[in-house]
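Step one of this worksheet: look at the structure below.
Only heavy atoms go into these numbers, but all of them, side chains included; no hydrogens, no water, no symmetry mates. By convention in this document, chain letters (A, B, ...) are assigned in the order of the sequence lines, proteins followed by strands, and residues within each chain are numbered from 1.
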Amino acid sequence: MSVKIYNTLKRKKEVFQPIEPGHIKLYVCGITSYDYCHIGHARSALAFDMIVRYFRYLGNKVTYIRNFTDIDDKIIARAAEQNCSSKELANRFIDEFYVDMDKLGVDRPTMEPKATEHIQEMVDLIAELIEKDMAYPSQGDVYYRVGSFPGYGKLSGRKLEDMQAGARIQINENKDDPMDFVLWKASKPGEPSWESPWGAGRPGWHIECSAMSRKYLGDTFDIHGGGQDLIFPHHENELAQSEAANDKPYVNLWIHHGFVTIRDEKMSKSLGNFLTIRDILEHYHPEVLRFFIFSTQYRNPLDFSEAAMQQAMTGLDRLYECLAAVESLPAGTVSDDAEQIASAKDIKKLEEIEDRFQKAMNNDFNTALAQGILFESVKVMNKIRRQAAETLNATDYELLTKSAQTITKLAAIMGILQENPKTYLAAKKSAMLAEIDISEEEIQNLITERNQARNDKNWARSDEIRDQLLKHNIELKDSAEGTGWIIKKG
RNA sequence: GGCGGCGUAGCCAAGCGGCUAAGGCACUGGUCUGCAAAACCAUGAUUCAACGGUUCAAAUCCGUUCGCCGCCUCCA
């Protein structure tokens, strides 16, 4: 296996080699649980879900840690608003997070440590940093001495001088240097707090990931991931803490995914342009959201819009329809006498699906290309299916059913095409039917009447019925097997 | 101001120095159909924001300009 991944630290793609062959250790920054998750969180969870699935598909063991930040300023503030404890609030939104993740079919990480359950590890780590004079207590707080870490800025590509010139750092008299960041915060009255050698307080944000990743993955591990907005300061600071404490490289490869945007602007609470996962799932099947998210390579920005979701839905339906059609092929009609439809080129193309798919994924998880390969395959399959007569050549039949299996297997890495194709299409139909003012029975009756009219060559009546149904957004599809219908998208 | 990313057909999106610039959606023409729809087939960028440069060869590398976005403060 040779997977090339873009490494933020090196600013280029490199061939990934786990420290322990066949066992990949991955840490991803999870959510701060104080609200419902939006599509950006979905992209993060889905991107790493896909990456983990792909590594496992290649035969690796993956130890995947994703934390919960369940104590921080926003949680405290929100809990105060809602008259509950920080713990209650955080746990409530962790539960809500799981509701969303389960709907999206996101596999659970190996472990999901919570910050509040690892205070001792953080205190220990801070003590080590003080011991090395990389950190210092001040008025109940503890700060990291940024200037004493020579590599500071190497992940985000910044120089300390440039950052100071930015001068957007708030003045804090407790700090020796304005760039120093907090490891431990003295608690104010009424705030949640834990005992420490420096007095009652709570951990800073960055220290939790350093402490938890060390506990579960060791001093140096393979991959650390998160959104691009975490590169600075969060990951830069984590790196500084861990490398100073452990005297070892922290992480070999950093993966950062791009944002979800709306009208080309970052989704954020302050702009008020965010959509929650559950908002989306109210209107779309989870696989449509997955399909949409994987239609762009994970590092590029992804612009959300209704039109884009509709397009994703149309594409996904197309794939499902092909699979459903292959599933419907009656095995009994296979005959060696039937002419073979598939050309040598078609056969080659379909036999190479998996290789091409892997090649795409090996190039920094290029799911957009991978989806393209699925579409190309479906195109070939549809052609064979379309041209096949009443009886199907055994070679063609084999080819179609095998290809469908391969497609289903590969699509599982992106978490799409995992439902039974007929069930998916039927469920979709009934869901849409619920939004339309006509019952399935009425439709069926009208179709029967229309077919009678067609038999009588009463085209006027036949078209009248078709138009009538069209007014209800029902579109008819005549085929050799009879008349089917779909609901047109409004 | 500092750092980084992006700009490919109407829209979305691959491409990472050299085969005809993937694929999807939409459009148009054809096959099919009583007519449609669906499906299938066919069609579209002599060109990759602009201008220079490197190279036998560039959408791909370098420089300049224009436009958009992100980070530098909590953030997926």
**Q.** Whether over 12 other heavy atoms sit under 6.0 Å from A:Lys409 NZ
**A.** yes
**Q.** B:G1: pairing nucleotide in any strand, Watson-Crick or G-U under 3.5 angstrom
**A.** B:C72
Q.
In whole Å, I'd like the distance from the CZ atom of A:Phe259 to the P atom of B:G5.
A. 14 Å
Q. Is any side-chain nitrogen or oxygen of A:Lys266 closer than 4.0 Å to OP1 or OP2 of B:C71?
A. yes
Q.
When the C1' atoms of B:G17 and B:C48 are compared, how many Å lie between them, rounded to an integer?
A. 15 Å
Q.
At 4.0 Å (heavy atoms only), tell me whether A:His234 reaches a base, stays on the sugar-phosphate, or touches nothing.
A. nothing
Q | Nearest-nucleotide comparison on RNA chain B, the residue closer to the 5′ end among A:Ile31 and A:Arg454 | A | A:Arg454
Q) Do the side-chain N or O atoms of A:Asn300 get closer than 4.0 angstrom to the phosphate oxygens (OP1, OP2) of B:C6? A) no
(Q) Tell me whether the ring of A:Trp459 lies stacked over the B:G34 base, given a 5.5 Å limit on centroids and a 30° limit on the plane angle. (A) yes
Q: Find the distance A:Asp456:CG to B:G34:C1' and express it as a whole number of Å.
A: 13 Å
Q: Please work out which of the three classes, parallel, tilted or perpendicular, describes the rings of A:Phe274 and A:His38, given edges at 30° and 60°.
A: tilted
Q.
Under 4.0 Å, heavy atoms only, any strand: does A:Gly40 hit a base, just the sugar-phosphate, or nothing?
A. base
Q. With a non-hydrogen cut-off below 4.0 angstrom, is A:Asp463 in contact with a base, only sugar-phosphate, or nothing?
A. base
Q. Would you call A:Glu14 and A:Lys4 a salt bridge, using N to O less than 4.0 angstrom?
A. no
Q. How would you label the contact of A:Arg461 with the nucleic acid (heavy atoms, under 4.0 Å): base, sugar-phosphate, or nothing?
A. nothing
Q | P spacing across the pair B:C19 / B:U33, given as an integer number of angstrom | A | 43 Å
Q. Under 4.0 Å between a Lys/Arg side-chain N and an Asp/Glu carboxylate O for A:Asp100 and A:Arg278?
A. yes
Q. What's the closest nucleotide to the A:Lys74 side chain, out of B:G15, B:C74, B:C11?
A. B:C74
Q. Is the shortest side-chain N to carboxylate O distance from A:Asp355 to A:Lys359 below 4.0 Å?
A. no
Q: Take A:Ser44 and A:Pro301, find for each the nucleotide of RNA chain B with the closest heavy atom, and name the residue whose nucleotide sits nearer the 5' end.
A: A:Pro301
Q. With both distances under 3.5 Å as the test, what is the Watson-Crick or G-U wobble partner of B:G15?
A. B:U8
Q.
What's A:Arg11 touching, base or sugar-phosphate or nothing? Going by heavy atoms closer than 4.0 Å.
A. nothing
Q | Ion pair A:Asp141/A:Lys175, N-O distance below 4.0 Å | A | no
Q | Closest to the A:Leu369 side chain, choosing from B:G34, B:A14, B:A76 | A | B:A14
Q: Nearest whole angstrom, please: distance from the C1' of B:C3 to the CG of A:Leu155.
A: 13 Å
(Q) Just to be sure I understand the rule, does A:His256 reach a base, reach only the sugar-phosphate, or reach nothing, if contact means heavy atoms closer than 4.0 Å? (A) nothing
**Q.** Identity of whatever pairs with B:U55 - Watson-Crick or G-U, under 3.5 angstrom
**A.** none
Q: Can you tell me, in whole Å, how much space there is between the C1' of B:A45 and that of B:U8?
A: 8 Å
Q: Identify whether any heavy atom of A:Thr261 sits under 4.0 Å from a base atom; if not, whether one sits that close to sugar-phosphate; answer base, sugar-phosphate or nothing.
A: nothing
(Q) Less than 4.0 angstrom from a charged side-chain N to a carboxylate O is my criterion; do A:Asp73 and A:Lys185 meet it? (A) yes
Q: Establish, from distance only, whether the side-chain atoms of A:Tyr298 and A:Asp364 form a donor-acceptor pair under 3.5 Å.
A: yes
Q.
At 4.0 Å (heavy atoms only), tell me whether A:Val260 reaches a base, stays on the sugar-phosphate, or touches nothing.
A. base
Q.
Each nucleotide in nucleotides 37-45 of chain B should get exactly one letter: B, S or -. Can you fill that in based on protein heavy atoms under 4.0 Å?
A. BSBSS----
Q. Is there a donor on the side chain of A:Ser156 or the base of B:G4 sitting less than 3.5 Å from an acceptor on the other?
A. no
Q: Could you measure between the two P atoms, the one in B:G4 and the one in B:U65, and give it in whole Å?
A: 15 Å
Q) Which part of the nucleic acid does A:Leu470 contact within heavy-atom distance under 4.0 Å: base, sugar-phosphate only, or nothing? A) nothing
Q.
Taking the minimum atom-to-atom distance to the side chain of A:Gln311, which one of B:G34, B:G24, B:A76 wins?
A. B:G24
Q: Look at the side chain of A:Arg450 and decide which nucleotide, out of B:G2, B:G34, B:G24, has an atom nearest to it.
A: B:G34
Q.
Under 3.5 Å, is there any donor-acceptor pair linking the side chain of A:Arg43 to the base of B:A76?
A. no
Q: Evaluate the ring planes of A:Tyr27 and A:His224, with Trp represented by its six-membered ring, and classify them as parallel (under 30°), tilted (30 to 60°) or perpendicular (over 60°).
A: tilted
Q. Paired with B:U28: which nucleotide, if any, by Watson-Crick or G-U wobble criteria at under 3.5 Å for both distances?
A. B:A42
Q.
Nearest to the A:Gln297 side chain among B:A14, B:U73, B:C25, which nucleotide is it?
A. B:A14
